[in-house]
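Let me begin by presenting the structure, written as structure tokens, before commenting on it.
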There are 2 protein chains.
Amino acid sequence: MPRAKSQSRESLLDNALNAFWKIGYHVISMGDLVRETGVSRAGIYADFGGKQDLFHASLDRYQETVVTPAFAPVEASGTGIDGIETYLCNLLTRFELAGGFGRGCLVGNTLTQIPEIDVETRAKLQAHCDRLTDGFRHALTNENGPRGPLTQPEIDDLARYTMISVQGLWSYSRLTNDATVLRAYSDTLIAVLKSRLRGSLQ
Amino acid sequence: MPRAKSQSRESLLDNALNAFWKIGYHVISMGDLVRETGVSRAGIYADFGGKQDLFHASLDRYQETVVTPAFAPVEASGTGIDGIETYLCNLLTRFELAGGFGRGCLVGNTLTQIPEIDVETRAKLQAHCDRLTDGFRHALTNENGPRGPLTQPEIDDLARYTMISVQGLWSYSRLTNDATVLRAYSDTLIAVLKSRLRGSLQ
DNA sequence: CTTGTTTAAGAATGATCGTTCTTCTACATC
DNA sequence: GATGTAGAAGAACGATCATTCTTAAACAAG
């Protein structure tokens, strides 16, 4: 009779996710993963098939257990710019509590490490960016209202602008331990969005 | 009598730099570097000491041969926002000519791959970010003029905002082959800077 | 031409990588 | 209690890593 694997599989995934996130796909070794997860090599291979498959599963797990709760304020129905503000503020608070030199975003970290040829991984990264863009578009559309100052193409541009800016924020968060710089960036970004939606830009 | 090594050394560095830039520090192997540079293993070790030293030399070379000419419009004396605009426009044109899926920024790529412990490399990355920030501060200060709408702390914040945004731009440029998205980001960023310096934000 | 020295090239090395395989334990079933 | 089986653990494997060492070629000096 097969034992209930779901619990340990999820725990394994969480540990692997954290290792990939902090150390990076290429730098982390299977030996490290065995040590970090407490699961034997054979167990990892039996459950996932290999390092790359474990990483892909970790990327999916990242979406479920990290992005979904963190991004919930943005994806909540009826939210506006305040949802984006809450999202950023929460993550910056987490950064401060961790004492700086954060892990950044697993997706942003990964896209600087994979070759152009790895289309399967790229698709997962693109899907993440699309999810962020969709969320921001949702919030900005609500904020704009039915007869707001911005047209739909302008909102699309602003949503992509927000997504790319957030990637820059998490990227730089790996280098600095100064939360005030990140807070200032977040504040300016929010101010830009508000300004745009007041129609006072251009 | 020692032969003039400077020429081949620089050529070696350029090839190594391109390999590190495109493939990444951990993924590229010494075998790859031997093939890419056309220099034997012993030659590389004799001239640089090892992989990490070659990488550090490549980071310095990146500053000299890539950042300095590309960033010149921003660092030019007397430049304003138009200098930032020229800088971004030039690099986006290069991206379009290359057909998308760019290499991003070597510094941005690296900072998602090095461990927290590698302070020597981190210092080089931080110096690059500081250089960008200083350049943007210089251009924004000029644009602001002696009695502009912004105070010096506000200009500092805006310079750091620009630097982090640019990191996000190059980060995302590794994932997309759609230059119009990057152009739209650049246009919005420039519009934000102009708006701020008109004093119409907040 | 011979000899001494420098330079480059690639074979050898120890370590470590991802992956596989064998072994041993523990439990269910009769 | 004996037997069969599923599961986990880590030893073993070939490949590849960064690095070093040996060797051969090329040039300068006598």
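Just so you know, these numbers use all the heavy atoms, side chains as well, and skip hydrogens, waters and symmetry mates. Chain naming here is simple, since letters A, B, ... match the order of the sequence lines and numbering starts at 1 in each.
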Do any pairs count as a ring pair (Phe, Tyr, Trp, His ring centres under 6.0 Å) and have a residue in residues 33-67 of chain B, sequence neighbours left out, and if so which ones?
B/F20-B/F55, B/W21-B/Y62, B/Y25-B/F55

Run the side chain to side chain donor-acceptor pair (under 3.5 Å) test against A/N142 and tell me which residues pass, sequence neighbours left out.
none

Using the test side chain to side chain contact (heavy atoms under 4.5 Å, CB included), find all partners of A/S29 that sit at least two apart in sequence or belong to another chain.
A/D32

B/K194 and B/E85: CA distance, side-chain angles, deciding distance, side-chain contact (heavy atoms from CB on, under 4.5 Å) verdict:
CA-CA 11 Å; B/K194 286 180 178 173; B/E85 208 165 353; 3.7 Å; yes

Could you give the CG-to-P distance, from A/D32 to C/dG18, as a whole number of Å?
8 Å

Looking at A/S40, I'd like to know whether one of its side-chain N or O atoms comes within less than 4.0 Å of OP1 or OP2 on D/dA9.
yes

From CG of B/L12 over to P of C/dA9, roughly how many Å is that when rounded to an integer?
11 Å

Looking only at heavy atoms, which two atoms of B/V27 and B/I23 are closest? And how far apart?
CG1-CG2, 3.6 Å

Where along residues 48-60 of chain A does a heavy atom fall under 4.0 Å from DNA chain C?
A/G50, A/K51

I need the CZ-C1' distance between A/R35 and C/dC17, as an integer number of Å.
15 Å

Taking donor-acceptor contacts at under 3.5 Å, does the side chain of A/R41 reach the base of C/dT20?
no

Which part of the nucleic acid, if any, lies within contact of B/I28, taking any heavy atom under 4.0 Å across all strands shown: a base, the sugar-phosphate backbone alone, or nothing?
sugar-phosphate

Could you tell me how far apart A/Y45 (OH) and D/dA12 (C1') are, to the nearest whole angstrom?
14 Å

I need the CG-C1' distance between B/L33 and D/dT19, as an integer number of Å.
13 Å

Ranking C/dT19, C/dA9, D/dA18 by distance to the side chain of B/A42, first place goes to C/dA9

Starting at NE2 of A/H26 and ending at P of D/dA18, how long is that distance when rounded to a whole Å?
13 Å

Report the distance from atom CE of A/M30 to atom C1' of D/dG10, rounded to the nearest whole Å.
13 Å

Sorted by chain and number, sequence neighbours left out, salt bridge (charged side-chain N to carboxylate O under 4.0 Å, His left out) with B/R41 holds for none

B/D134: partners by salt bridge (charged side-chain N to carboxylate O under 4.0 Å, His left out), with sequence neighbours left out:
B/R137

Distance in angstrom units between B/I44 CD1 and C/dG10 P, rounded
13 Å

